Structure formats: C-alpha cells, structure tokens
Amino acid sequence: LARRDARGDDADPRVGRVGDDAVEPVGARVLRGDRVPDLVDLTLQVERQWREQPAFGEPLVPQAVRVAALGGGLIGRSGTALFLAAGKSVSVYNPDPATDARVRNAVEAAWPVLTVLSLANSPEPTGDLTFCRDPRAAVDGAEFVQESIPERVDLKHALYSDIEPVLHPEAVVASSA
C-alpha cells in the first residue's frame, strides 16, 4: 500500500483509509504511471503506525495495584517475583503451607537479578506479599489474576468455579497454560 497524494481521486472504490491517510495498492499507482513509493516512504508509514501503538513493555493494566498469583510452583514463584518487582502487592494462593517459604526464598534469590536487569523499581519489594489457602481470598479485590496451577483440566475447572463469584468485574485473568 502507498500513501495517496493530494491530487488522488477520493471516489476511487479501491482506496481505503488508514488513520487520516488514504491508501491504495502500489500496483494501482504503477498502472496510472504515478511514482511508486520507495523504501523511505514505506518506512515512514510503518514508523507512523508504530508510534501509534503502545510502547514496548508498557503495562497492559497500569492501574493494577493488587495481583493474585494462583499457584506457588516454579512459574507462580517467578511471576510473584516479577509482580513484586513492578511494585505490586501480591496474594499467593497454594494449598501447600510449605509454599510460603519457597515463594519468599525465590523472591529473595531473584531480587538481585531483577535489580541488575532494571526490572525491580527498588532495592527490595515495596508491595505486600500475602499467602492464602483459599483461592477466593487471594483474588478478592485483585485487578490482575495470574493462574499458574498444574495443567490438569479438572483442577483448573474447579479453581475457576471457585474464584468466579468473587472476581472484580474488571479483573484481568491470565493463565500460564
């Protein structure tokens, strides 16, 4: 596709609109004898479209302050460390009481690496880290929910059935599946 110049015919049915610029197939311009766009033209068009997109790494849910991490296994522990590094408060659900120590140890071990990679906003976590044995308690009030339980359909169905009644209406629920 190429940008149309100001003398282009707006009545041409082959012309569509992208943003504020009218576009048409490059082949149509060649047939009319118009100048074919060069790489610079195309690069400028792509660059304009890229600038309109959210910045890479920009949070999808910037307003989320409270996160629920459902599952304290390897993936859940990693996610918890990343959420804490972003300054979020995290409630971790896992039925195993030994999970609490494993999660705390994983966050402590990951923190220097998160700091070196500039992923941590502070020298130590600023958000609260809490543990729940009931998934409903973990998701209550959470704006973002990360589910990372074992890949068993029966477990996932039971978990989602448990948490659905207490989910915040605008909460984002993500799965590591």
Side-chain angles (χ1 to χ4, degrees), residues 1 17-20 43-177:
L1 297 178
R17 296 200 74 66
V18 175
D20 292 332
T43 302
L44 291 173
Q45 184 176 3
V46 169
E47 181 182 346
R48 180 183 51 81
Q49 291 171 351
W50 179 256
R51 276 186 303 219
E52 294 171 1
Q53 301 299 316
F56 178 75
E58 186 175 299
L60 296 175
V61 188
Q63 72 278 9
V65 174
R66 189 163 176 285
V67 173
L70 305 178
L74 181 61
I75 295 170
R77 292 191 300 261
S78 299
T80 297
L82 284 169
F83 292 129
L84 288 169
K88 310 300 181 191
S89 291
V90 183
S91 292
V92 177
Y93 158 71
N94 199 292
D96 180 5
T99 298
D100 302 11
R102 287 194 294 265
V103 170
R104 288 185 195 283
N105 291 338
V107 169
E108 186 178 321
W111 207 262
V113 175
L114 293 169
T115 303
V116 168
L117 294 174
S118 299
L119 294 174
N121 296 332
S122 63
E124 59 187 35
T126 56
D128 295 328
L129 177 60
T130 57
F131 297 92
C132 305
R133 300 292 164 253
D134 182 346
R136 293 172 295 228
V139 303
D140 190 25
E143 294 103 348
F144 189 88
V145 178
Q146 176 62 54
E147 175 268 307
S148 303
I149 67 170
E151 297 302 316
R152 287 190 30 208
V153 173
D154 59 326
L155 291 178
K156 289 186 184 277
H157 281 193
L159 177 70
Y160 283 101
S161 293
D162 285 346
I163 67 171
E164 187 175 12
V166 296
L167 279 174
H168 185 279
E170 295 180 10
V172 174
V173 179
S175 177
S176 61

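Bear in mind that the values here come from a model prediction, so they are computed numbers and not experimental data. In this chain, residues are counted from 1 in sequence order.
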Return the set of residues passing salt bridge (Lys or Arg N to Asp or Glu O under 4.0 Å) with E124 (not counting sequence neighbours), or none when no residue passes.
-> none
Extract all donor-acceptor atom pairs below 3.5 Å that involve side chains of residues 109-116 and protein atoms in other chains or at least two apart in sequence.
| unit_1 | atom_1 | unit_2 | atom_2 | d |
| --- | --- | --- | --- | --- |
| W111 | NE1 | S122 | O | 3.1 |
| W111 | NE1 | P123 | O | 3.0 |
| T115 | OG1 | W111 | O | 2.9 |

At what distance, to the nearest 0.5 angstrom, does CZ of R152 lie from CG of L159?
-> 12.5 Å
Distance, nearest 0.5 Å, that separates SG of C132 from CG of N94 | 11.0 Å
What's the shortest heavy-atom distance between R66 and A142, and which atoms?
-> NH1-N, 3.2 Å
Minimal non-hydrogen separation, G71 against V92, with atom names = O-CG1, 4.4 Å
Considering non-hydrogen atoms only, spot the tightest contact between L70 and A138 and give its length.
-> CD2-CB, 4.1 Å
Determine, stepwise, if the pair E147 / I163 fulfils side chain to side chain contact (heavy atoms under 4.5 Å, CB included).
-> CA-CA 11 Å; E147 175 268 307; I163 67 171; over 6 Å; no
Atom OG of S176 and atom CD of Q146: how far apart are they, to the nearest 0.5 Å?
-> 5.5 Å
Which atom of S175 lies closest to which atom of K156, heavy atoms considered | OG-NZ, 3.9 Å
Look at R133 together with D100 and state whether they make a salt bridge at an N to O cut-off of under 4.0 Å.
-> yes
What's the verdict on side chain to side chain contact (heavy atoms under 4.5 Å, CB included) for R102 and T99, showing C-alpha distance, side-chain angles and the deciding distance?
-> CA-CA 5 Å; R102 287 194 294 265; T99 298; 3.3 Å; yes
Candidate list D128, D140, T80, T130, test side chain to side chain donor-acceptor pair (under 3.5 Å), partner S91, passing option | T130
Sorted by chain and residue number, the ring-ring contact (aromatic ring centres under 6.0 Å, His included) partners of F83 (sequence neighbours excluded) come out as F144
Test side chain to side chain contact (heavy atoms under 4.5 Å, CB included) applied to V103 and V90, step by step | CA-CA 11 Å; V103 170; V90 183; over 6 Å; no
Which heavy atom in P125 sits nearest to a heavy atom in V107, and how many Å separate them?
-> CG-CG1, 4.1 Å
